[in-house]
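The structure under discussion appears below in the form of structure tokens.
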There are 2 protein chains.
Amino acid sequence: MQSFTEENYLKAIYHLTEQPDQYVQTNAIAERLQTKAASVTDMMKKLADKGLIDYVRYTGAKLTETGYQTAVGIVRKHRLWEVFLVETLNFKWDEVHDVAEELEHINSVLLIERLDEFLGFPRTDPHGDPIPDKHGKFEKRSFIKLSKLTAGSSGTVTGVSEHSTPFLKHLEKLGLTLGARIEVSEVSEFDGSVELVLNNKNINISRDVAKHILINT
Amino acid sequence: MQSFTEENYLKAIYHLTEQPDQYVQTNAIAERLQTKAASVTDMMKKLADKGLIDYVRYTGAKLTETGYQTAVGIVRKHRLWEVFLVETLNFKWDEVHDVAEELEHINSVLLIERLDEFLGFPRTDPHGDPIPDKHGKFEKRSFIKLSKLTAGSSGTVTGVSEHSTPFLKHLEKLGLTLGARIEVSEVSEFDGSVELVLNNKNINISRDVAKHILINT
DNA sequence: AGAATTTTTTAGATTTACCTAAAAAATTTA
DNA sequence: TAAATTTTTTAGGTAAATCTAAAAAATTCT
């Protein structure tokens with residue numbers, strides 16, 4: 001059993017891992033957790049001692065199999081709670097993140113299995129992220145960032161890579177919610193902003209917004 | 001905003017308070033929280049500084065209005081979560097306590113209001129305890145401990161004052177669940193054990209068990 | 001390759017919530 | 001009421017998670 005803090009570090013490493021054998025850097029973890037590099041170093045030693053990460057000085061940290069399973073377990077809990085909040089308690093998709101950050105640390109296997117069952121074993125959360133099953137298994141979605149699409153290409157919004165309230169409220173206002181069909185009409189050479197067609201209307205979004213919208217083509 | 005630990009101290013004082021103006025003793029708090037008196041003294045100073053309790057050295061602690069509201073808020077959350085676990089996720093009444101102890105510290109007004117609404121504004125939890133409304137108001141139930149009943153008196157089981165799994169499983173096995181009609185046939189002069197009639201059957205329970213069963217006559 | 005920069009670690013403090021042991025106050029007993 | 005007992009507090013210390021400042025290693029630049 002780990003403390004909330006340890007769990008948050010494991011989750012941070014999990015989310016920062018982009019390649020299978022990558023060592024995540026101390027600074028990257030520090031930035032994600034809004035803490036200082038020195039604090040991260042301390043925790044890396046602790047997690048390494050517990051066998052949850054491989055840690056190499058001046059290189060970074062990588063989850064061990066145990067650490068990975070722990071991290072995925074937390075992600076599973078987070079996403080199931082998000083589904084619960086939206087589906088059962090009528091939260092909006094921009095209201096769930098902070099509460100789920102707390103709920104994900106509740107420790108009860110029975111609770112999560114029953115919740116999963118109650119929700120009908122959902123495969124994705126309100127932001128389109130896949131939910132690991134009880135064995136930690138789940139398929140990676142295939143998607144492309146909207147910012148990578150070129151003029152003329154089209155697709156469906158299947159996810160977002162930023163879960164903050166302001167960002168999601170912005171998308172909501174534009175009508176860019178999960179399942180929306182879009183077609184890119186133009187990408188600005190100047191600032192990378194994207195013009196697209198949604199429900200027969202033209203809308204314009206900044207590159208920063210486009211980067212966090214995940215598209216299924 | 002308080003830490004989990006501070007919240008647990010406030011809740012302990014709340015539960016240990018039997019009379020309106022009573023100062024709860026340091027040792028009593030220590031025993032309830034499975035900690036040492038010295039640790040309690042430290043925390044009493046801290047809570048007093050925060051204006052959550054009145055603390056008098058060598059006398060004890062009493063919740064201030066703010067402290068009381070905080071404590072009742074936690075009790076409300078605890079009991080609503082217990083209802084959720086039993087009603088929605090099909091937990092048994094002996095399985096909910098520990099999980100609810102964790103869930104009660106989740107901080108979200110919206111969450112609790114929506115949960116309350118989803119559950120249909122329940123008035124009591126699975127152990128018969130009343131659930132405070134969002135303003136912290138609730139009626140005290142009137143009940144008498146089964147151990148205080150005399151031979152010949154009868155009533156209905158309306159609550160329990162002990163929430164541990166072994167105790168509740170024991171009651172379950174005997175059929176002494178909420179709503180059960182009982183009649184006391186004999187109280188032992190020797191050890192205070194109670195013989196009673198439940199569903200036309202005679203059962204015998206120890207005084208220790210009887211003390212934790214709450215009866216409505 | 002050597003200098004400059006960035007990243008990371010170490011050293012030493014701080015805060016929170018604990019602890020033990022001893023002292024002090026309150027209560028009970030004789 | 002004085003002695004014995006119980007309760008509570010104080011003093012001093014520990015572990016977890018954090019911090020700042022300075023040192024060390026790695027990387028980038030010229």
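The sequence lines fix the lettering, A, B, ..., with proteins before strands; numbering per chain opens at 1. Quick caveat: nothing in here was measured; it's all calculated off a predicted structure.
The side-chain hydrogen bond (donor to acceptor under 3.5 Å, both in side chains) test applied to A/Glu104 returns A/Lys11, A/His78, not counting sequence neighbours. With sequence neighbours left out, A/Phe143 forms a ring pair (Phe, Tyr, Trp, His ring centres under 6.0 Å) with no residue at all. Taking A/Lys169 as the reference, A/Asp94 meet the side-chain hydrogen bond (donor to acceptor under 3.5 Å, both in side chains) condition, with sequence neighbours excluded. With sequence neighbours left out, the side-chain hydrogen bond (donor to acceptor under 3.5 Å, both in side chains) criterion links A/Arg141 to A/Asp129. Remark: A/Ser188 pairs with A/Asp191 by the side-chain hydrogen bond (donor to acceptor under 3.5 Å, both in side chains) rule, at least two apart or across chains.
Contacts between residues 11-23 of chain B and DNA chain D, defined by a heavy-atom separation under 4.0 Å, are absent. Interface residues of residues 34-42 of chain B facing DNA chain C, ordered by number: B/Thr35, B/Lys36, B/Ala38, B/Ser39, B/Asp42; criterion, heavy-atom separation under 4.0 Å. For residues 24-31 of chain A, proximity to DNA chain C is found at A/Gln25, A/Thr26, A/Asn27, defined as any non-hydrogen atom under 4.0 angstrom from a strand atom.
Within 4.0 Å of B/Phe4, counting heavy atoms only, lies no atom of the nucleic acid at all.
Here the C1' atom of nucleotide D/dA16 and the CG atom of A/Leu47 are 13 Å apart, to the nearest Å. Summarising the geometry, the separation between CG on B/Asp49 and P on C/dT16 is reported as 11 Å, rounded to the nearest angstrom. Atom CE in A/Met43 sits roughly 14 Å away from atom C1' in D/dC19 (whole-Å rounding). Atoms OH (B/Tyr58) and P (C/dA23) sit 13 Å apart, rounded to a whole Å.
The salt bridge (charged side-chain N to carboxylate O under 4.0 Å, His left out) contacts involving residues 205-217 of chain B comprise B/Asp208-B/Lys211, where partners must be two or more places apart or lie in separate chains. The list of salt bridge (charged side-chain N to carboxylate O under 4.0 Å, His left out) pairs with a residue in residues 16-28 of chain A, not counting sequence neighbours, reads A/Asp21-A/Lys62. Applying the salt bridge (charged side-chain N to carboxylate O under 4.0 Å, His left out) test to pairs two or more places apart or on separate chains, none has a residue in residues 24-36 of chain A. Applying the ring pair (Phe, Tyr, Trp, His ring centres under 6.0 Å) rule to pairs touching residues 101-123 of chain B yields B/Phe4-B/His105, sequence neighbours excluded.
The shortest heavy-atom contact between A/Gly60 and A/Tyr23 is O-CD2, 3.4 Å.
The pair A/Lys92-A/Glu172 fails the salt-bridge criterion, with no side-chain N (NZ, NE, NH1 or NH2) lying under 4.0 Å from an Asp/Glu carboxylate O.
Between A/Arg57 and D/dA26, a side-chain N or O to OP1/OP2 separation shorter than 4.0 Å is absent. Of the side-chain N and O atoms in B/Lys45, none sit less than 4.0 angstrom from OP1 or OP2 of D/dT9.
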